[in-house]
Amino acid sequence: MARRRSNIQRPLASFNVSAYFRIHLRTLFSSLGRFSRAPFNSMMTVSVIAITLSLPAGLLVSINNLQALSGQVDLNHNMSIFLQPSLTLTQAEVLSHQLQANDLISQATLIDKQAALDEFRQHSGFNLAIGMLEDNPLPHVIQVSPNTDNQTAVKALIAELEQHAGIQLVQMDLAWLERLNGFLQIAQRAASLITALLGLAVLLIISNTIRLELQNRRDEIDITRLVGATPAFIMRPFIYSGFWHGLFGGVLACLLVNLSIWLIDSPTSSLANLYNSSFSLQNMSFYHAILWVIFAISLGITGSWVVVRRYLTELER
Amino acid sequence: MLQFINVSKRYPGGSEALKNVSFEIQQGEMAFLTGHSGAGKSTLLKLIAVLERSSQGQVMLDSQNIGRIPQRLVPYTRRKIGMIFQDHRLLHNHTVFDNVALPLIIAGHQQHEIKRRVRAALDKVGLSGKERRYPITLSGGEQQRIGIARAVVNRPPMILADEPTGNLDPQLSAEIMQLFEQFNQVGVTVLIASHDVPLIKRMGYRMLELSQGELVQNHG
Ligand SMILES: Nc1ncnc2c1ncn2[C@@H]1O[C@H](COP(=O)(O)OP(=O)(O)OP(=O)(O)O)[C@@H](O)[C@H]1O
Ligand SMILES: [Mg+2]
């Protein structure tokens with residue numbers, strides 16, 4: 001105590017970098033300590049954040065999966081021509097040769113209805129039900145690859161084919177794919193909107209949590225201000241609390257999404273098998289998970305920052 | 001060190017707590033501030049710690065008008081002052097050690113430095129061995145000493161005390177006053193607000209007396 005006179009408060013200029021980081025680290029972990037001392041409340045809040053964030057994350061992952069699915073199929077204009085059921089195999093073969101001769105058609109392959117039924121029986125698992133049918137319900141089918149990618153030429157070809165007496169129906173194989181892609185674009189828009197809305201919800205949840213924390217620690221804040229704490233010092237534990245809420249909420253949201261994918265993956269794979277596809281659901285990629293956690297953390301930090309800043313500004317007035 | 005020049009303080013409610021107060025306290029001096037209840041003692045101390053701002057006049061601390069410094073510099077001014085409050089202002093869910101360490105933590109000192117200084121401060125006020133206790137488990141006099149240890153732990157050049165002996169018995173009051181004398185002897189400027197005129201008179205330091213917000217006596 002004898003050296004007191006020489007030890008007048010360090011001026012601002014000699015700002016100490018290592019002290020700065022020491023304070024940060026200590027606050028970071030003491031805020032985590034506070035977190036773990038009220039485990040039930042913290043877990044409740046984190047769960048609400050996680051569930052809220054897992055909705056848009058799940059939606060985005062689903063869209064990614066559907067995009068991967070549509071990407072697996074190369075877009076062509078192949079079509080299936082269903083012949084009138086009354087046509088015999090010979091008539092069908094004649095028709096198939098006619099089509100092969102058409103300038104607009106590069107390839108026409110006849111699928112005999114008996115062969116088709118046998119194949120279906122083998123792969124579909126409807127063996128018993130099919131066995132009970134008296135007649136073969138399938139028509140002969142000719143699979144046709146057009147010579148052109150031109151949309152209007154293909155449309156004209158279809159119109160022409162549909163006029164033919166022996167043809168019952170012409171179906172573009174991948175018409176559904178175009179529709180899917182269109183749908184995915186809309187879904188992506190919707191997902192962005194939902195992400196924004198639920199992100200806002202998380203921001204509000206975190207703000208509210210931090211506001212309660214502020215109220216509980218009002219005395220502490222007053223007293224630290226009295227002994228010379230800067231606003232930055234007072235804000236730090238609350239910002240870190242927001243950081244932890246965001247981090248845990250984000251990580252838990254990613255886990256929830258991957259858990260759900262895991263739960264529906266095996267039914268999806270067997271469904272894909274049914275369509276002769278090896279398609280299986282993709283988990284949220286590591287890269288996307290990291291982005292999602294960073295998103296959650298920034299929501300946490302922003303939410304707490306706004307609330308504490310406002311509180312302190314009011315105190316200083 | 002500290003100079004009031006024609007300082008007035010009017011609270012938003014309209015009451016004028018200080019009227020045209022002027023005085024000066026030298027570095028290393030010890031002085032008392034007395035006056036009836038509501039005379040403006042706490043208000044005067046709050047102006048020095050920038051807990052309130054003067055309405056008129058200048059409050060000079062180290063030749064800086066602290067009544068007009070920007071808000072972002074206020075914390076650094078407060079660190080130059082060790083303040084002891086009428087109602088202790090302790091953190092009740094923290095230990096004695098944490099309470100005393102607070103100013104050092106705020107200033108960003110190293111852990112071992114904090115330990116050393118907190119021990120020294122607690123030793124000085126006679127609370128060594130009670131670091132791990134919570135304030136609520138200690139007597140009023142002991143809680144007052146925690147507040148004193150916290151005020152001096154950062155070795156501020158000036159100590160302000162608002163009724164530090166408020167509800168202590170004469171024996172304890174005298175001990176606390178002796179503590180302040182010891183700090184003063186090592187060079188700290190000390191200003192104490194107190195009702196206890198007989199005790200102050202016995203001690204024989206300079207006395208500033210407020211009445212209805214006006215400085216009516218200034219001698220020692
Ligand atoms: N925050 C405030 N808002 C409005 N008026 C206040 C405020 N604080 C104090 N006052 C008024 O200012 C005057 C001086 O108050 P102050 O607390 O400085 O007196 P004091 O000398 O410390 O009294 P005591 O000995 O009872 O502590 C009183 O009339 C009081 O009502
Ligand atoms: Mg008072």
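Throughout, a chain's letter reflects where its sequence line sits, starting with A, and its residues are numbered from 1.
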Part of [X] within contact of chain A (heavy atom distance under 4.5 Å):
X: B/Leu90; value: backbone
X: B/Leu91; value: both
X: B/His94; value: side chain

Inset, instruction - Compute both the distance and the angle, then confirm whether B/Arg132 meets the cation-pi test with B/Phe97: under 6.0 Å from the six-membered ring centre, within 45 degrees of the axis. - result: yes

Pairing of [X] and [Y] as salt bridge, 4.0 angstrom limit:
X: B/Arg116; Y: B/Glu113; value: yes
X: B/Glu16; Y: B/Lys9; value: no
X: B/Glu175; Y: B/Arg145; value: yes

Legend entry - Any residue meeting side-chain hydrogen bond (donor to acceptor under 3.5 Å, both in side chains) with B/Gln182, in chain and number order, not counting sequence neighbours: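 B/Gln182 satisfies side-chain hydrogen bond (donor to acceptor under 3.5 Å, both in side chains) with B/Lys124 only.
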
Legend entry - Evaluation steps, salt bridge (charged side-chain N to carboxylate O under 4.0 Å, His left out), between B/Arg133 and B/Glu142: CA-CA 11 Å; B/Arg133 300 275 289 272; B/Glu142 286 172 322; 5.7 Å; no

Inset, instruction - Enumerate by number any residue of residues 198-224 of chain A whose heavy atoms lie under 4.5 Å from heavy atoms of chain B; in the absence of such residues, state 'none'. - result: A/Glu220, A/Asp222, A/Ile223, A/Thr224

Inset, instruction - Please work out which of the three classes, parallel, tilted or perpendicular, describes the rings of A/Tyr240 and A/Phe243, given edges at 30° and 60°. - result: perpendicular

Inset, instruction - Classify the angle between the aromatic ring planes of B/Phe32 and B/Tyr205 as parallel (below 30°), tilted (30 to 60°) or perpendicular (above 60°). - result: tilted

Legend entry - A/Ile234 versus chain B, the contacting section by heavy-atom distance below 4.5 Å: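 When you check distances to chain B, no heavy atom of A/Ile234 falls under 4.5 Å.
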
